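The next block holds one structure in the form of structure tokens; read it before the comments.
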Amino acid sequence: MPLSVEKRDLTGLTAIVTGGNAGIGYETVRMLSEMGATVTIACRNAEKGQAAAEGIEKITGNKPEVGSIDLCSFASVAAFVESFKSKHDRIDILVNNAGFVSMAKGDEAYTGDGLETDAQVNHLSQFLLTSQLMPLLKHAAQNKIRDFVPRVVVVSSDAGKVGKVNTSYWEKQGQDKLPWFFGRYGDTKLAFAIVSKKLADIVESDGVLVHMVHPGYVASDIHAKNDNGLPQFMTKTMGWIMNLTARTAAQGAMTSVYCAVSVEAEKSTGKYWYSNKIANYPNSVITNQEAADKFWNDSVNVLKERGYEILI
Ligand SMILES: NC(=O)c1ccc[n+]([C@@H]2O[C@H](COP(=O)([O-])OP(=O)(O)OC[C@H]3O[C@@H](n4cnc5c(N)ncnc54)[C@H](OP(=O)(O)O)[C@@H]3O)[C@@H](O)[C@H]2O)c1
């Protein structure tokens, strides 16, 4: 049964979608634009962003804005926030959608900030982005438009099931101690889910909601970009089998959009959603408060050591 989301009038509301130029993010931007929101596509490639914005304008008549952000760089995150704040004073919907699977090894596995790429893109940069944009979300909560409750939607993944609360490989050690690529991805998806759940508790009293989402399996670029080290025939066969069960990107985006716009999603915060319903998070470590607090502090400290404060 295909998923659907009831349309809501989002005219006057402001949204950001990271990685909104492609895949699930593109479809998320398209749907929010169709409902009248002023959406910014936050992406690392201006040409791709402009092409996506023009495509969406043709379909919806509402052209998204494009903002430059490279989630491999904390300086780029801060520059994006400054540029956004010079144009907007509120955010009603922030969708942390961008994601990356890295199979790189050695020095190539690390960003210019000296952190493993998945850890920075999937977790730390979007944690920093969310914290720096929180004043605009709180402002929207104090100045609601048509009773819309502002929210953060984190595109998470069931891959968090294989994740471990493990920061030991994040920082460049001068040697290759990286976990298997899917374990690495799962770790970072779990990492961002843990801090997002805690964030939900912190900002609840400010009237800002935080939802986590599993989009389902979508045969998008994230699975196709890298050599996964398996023999080609195995990759092709696995891909063929998985594609039979894959959702389209539009269907994959549906739960993000449901959490971003629905009145139903205003009744809870800090939950994990799949197919427009609240689901159990696949890794029980998320309920361990002590581990979550320590992990939050570790994440805050990694940012602090690089000159970036998490202020919420
Ligand atoms: N597809 C699935 O089956 C699946 C399942 C569970 C969860 N998810 C999650 O769903 C989200 C969307 O994935 P998708 O399937 O739509 O993948 P996708 O088509 O590969 O899109 C990923 C997006 O993230 C952007 N991105 C990657 N690295 C970036 C960086 N350093 N700075 C800025 N943007 C960056 C990409 O930009 P470029 O176009 O420039 O590369 C792209 O816009 C991800 O968080 C993913 O983990 C996907």
Side-chain angles (χ1 to χ4, degrees), residues 3-18 20 24-42 52-53 56-67 80-81 83-97 126 129-155 196 199-213 215 250-251 253-273 275-278 312:
L3 298 171
S4 62
V5 177
E6 205 175 307
K7 286 198 175 153
R8 188 165 178 183
D9 180 9
L10 304 182
T11 312
L13 302 190
T14 306
I16 295 177
V17 181
T18 65
I24 295 167
Y26 174 90
E27 293 298 334
T28 306
V29 176
R30 179 182 62 75
M31 288 184 241
L32 298 179
S33 301
E34 244 161 26
M35 294 185 217
T38 301
V39 189
T40 295
I41 296 175
I56 287 169
E57 185 185 22
K58 275 192 194 133
I59 302 165
T60 67
N62 181 12
K63 188 175 183 185
E65 297 174 11
V66 178
F80 170 85
V81 171
S83 160
F84 186 86
K85 285 203 298 201
S86 70
K87 291 181 246 162
H88 302 278
D89 64 357
R90 65 182 296 131
I91 298 175
D92 299 276
I93 303 167
L94 168 62
V95 186
N96 284 312
N97 162 83
Q126 295 189 85
L129 178 72
T130 306
S131 91
Q132 293 202 339
L133 293 175
M134 193 51 73
L136 283 75
L137 283 147
K138 290 182 184 174
H139 178 72
Q142 285 155 8
N143 300 277
K144 286 197 191 72
I145 295 177
R146 294 185 299 281
D147 288 334
F148 187 94
V149 182
R151 52 202 92 176
V152 179
V153 177
V154 172
V155 184
S196 299
L199 179 69
D201 292 340
I202 296 171
V203 298
E204 188 172 9
S205 57
D206 297 301
V208 178
L209 307 170
V210 183
H211 301 302
M212 291 160 276
V213 163
Q251 282 292 301
M254 219 48 99
T255 310
S256 296
V257 176
Y258 186 82
C259 287
V261 310
S262 74
V263 173
E264 191 59 29
E266 290 175 0
K267 296 177 185 162
S268 66
T269 189
K271 303 287 186 205
Y272 186 64
W273 294 72
S275 293
N276 298 359
K277 291 194 174 67
I278 293 174
I312 297 197

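As the structure is a prediction and not an experimental result, all values here were calculated from the model.
Within the 4.5 Å cutoff, the side chain of Leu32 has heavy atoms near those of the Leu10 side chain. In this structure, the side chains of Thr130 and Leu199 come closer than 4.5 Å at one or more pairs of heavy atoms. Put simply, the side chain of His88 reaches to within 4.5 Å of the side chain of Phe84, judged on heavy atoms. Looking at Tyr258 and Leu3, their side chains never come closer than 4.5 Å, going by heavy atoms from C-beta outward. Using a 4.5 Å heavy-atom cutoff, the side chains of Ile41 and Tyr26 are not in contact. Between Met35 and Asp9, every side-chain heavy-atom pair lies at or beyond the 4.5 Å cut-off. Looking at heavy atoms from C-beta onward, Ile56 lies out of side-chain contact with Lys63 at the 4.5 angstrom threshold. Between Thr38 and Glu65, the closest side-chain pair of non-hydrogen atoms falls below 4.5 Å.
Once rounded to the nearest 0.5 Å, the distance linking OG1 of Thr14 with CG of Asp92 reads 5.5 Å. We find the CE-CE distance between Met254 and Met31 to be 4.5 Å, quoted to the nearest 0.5 Å. The NZ atom of Lys144 sits 10.0 Å away from the CZ atom of Arg90 when rounded to the nearest 0.5 Å. Here the straight-line distance linking atom NZ of Lys271 with atom SG of Cys259 works out to 12.5 Å at 0.5 Å rounding. A distance of 7.0 Å separates OG1 in Thr18 from CG in Leu129, rounded to the nearest 0.5 Å. The structure places CG of Leu136 at 7.5 Å from NE2 of His139, a figure rounded to the nearest 0.5 Å.
Not counting sequence neighbours, the partners of Tyr272 by the ring-ring contact (aromatic ring centres under 6.0 Å, His included) test are Tyr281. Taking the side-chain hydrogen bond (donor to acceptor under 3.5 Å, both in side chains) definition, one finds that Glu266 meets it with Arg8, Arg151, sequence neighbours left out. Not counting sequence neighbours, Ser256 has no partner by the side-chain hydrogen bond (donor to acceptor under 3.5 Å, both in side chains) test.
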Evaluate the criterion side-chain contact (heavy atoms from CB on, under 4.5 Å) for residue pair Ile16 and Ile93; output intermediate values, then yes/no.
CA-CA 6 Å; Ile16 295 177; Ile93 303 167; over 6 Å; no
Exercise for the section: Decide side-chain contact (heavy atoms from CB on, under 4.5 Å) for Asn96 and Val153; before the verdict, give the C-alpha distance in whole Å, the side-chain angles of both, and the deciding distance to 0.1 Å. Expected result: CA-CA 6 Å; Asn96 284 312; Val153 177; over 6 Å; no
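No side-chain donor from either of Thr60 and Asn62 sits under 3.5 Å from a side-chain acceptor of the other. Side-chain contact of Glu6 with Ser262: a donor-acceptor pair under 3.5 Å is absent, judged by distance alone.
Nearest heavy atoms, Thr269 versus Ala200: OG1-CB, 3.6 Å. Across all non-hydrogen atoms, the minimal contact from Ile145 to Thr11 is CG2-O, 4.2 Å. Shortest non-hydrogen contact noted between Val39 and Ser33 is CG2-OG, 3.7 Å. Of all the heavy atoms in Ala52 and Gly20, the pair that sits closest is CB-O, 4.5 Å.
The environment of Lys7 atom NZ is sparse: at most 12 non-hydrogen atoms of other residues, nucleotides or ligands sit within 6.0 angstrom.
With Thr255 contributing its side chain and Ser275 its backbone, the two residues share a donor-acceptor pair below 3.5 Å. Asn97 contributes no side-chain N or O that, together with a main-chain N or O of Val17, makes up a donor-acceptor pair within less than 3.5 Å.
Ring geometry for His211 versus Trp273: interplanar angle over 60°, hence perpendicular rather than tilted (30 to 60°).
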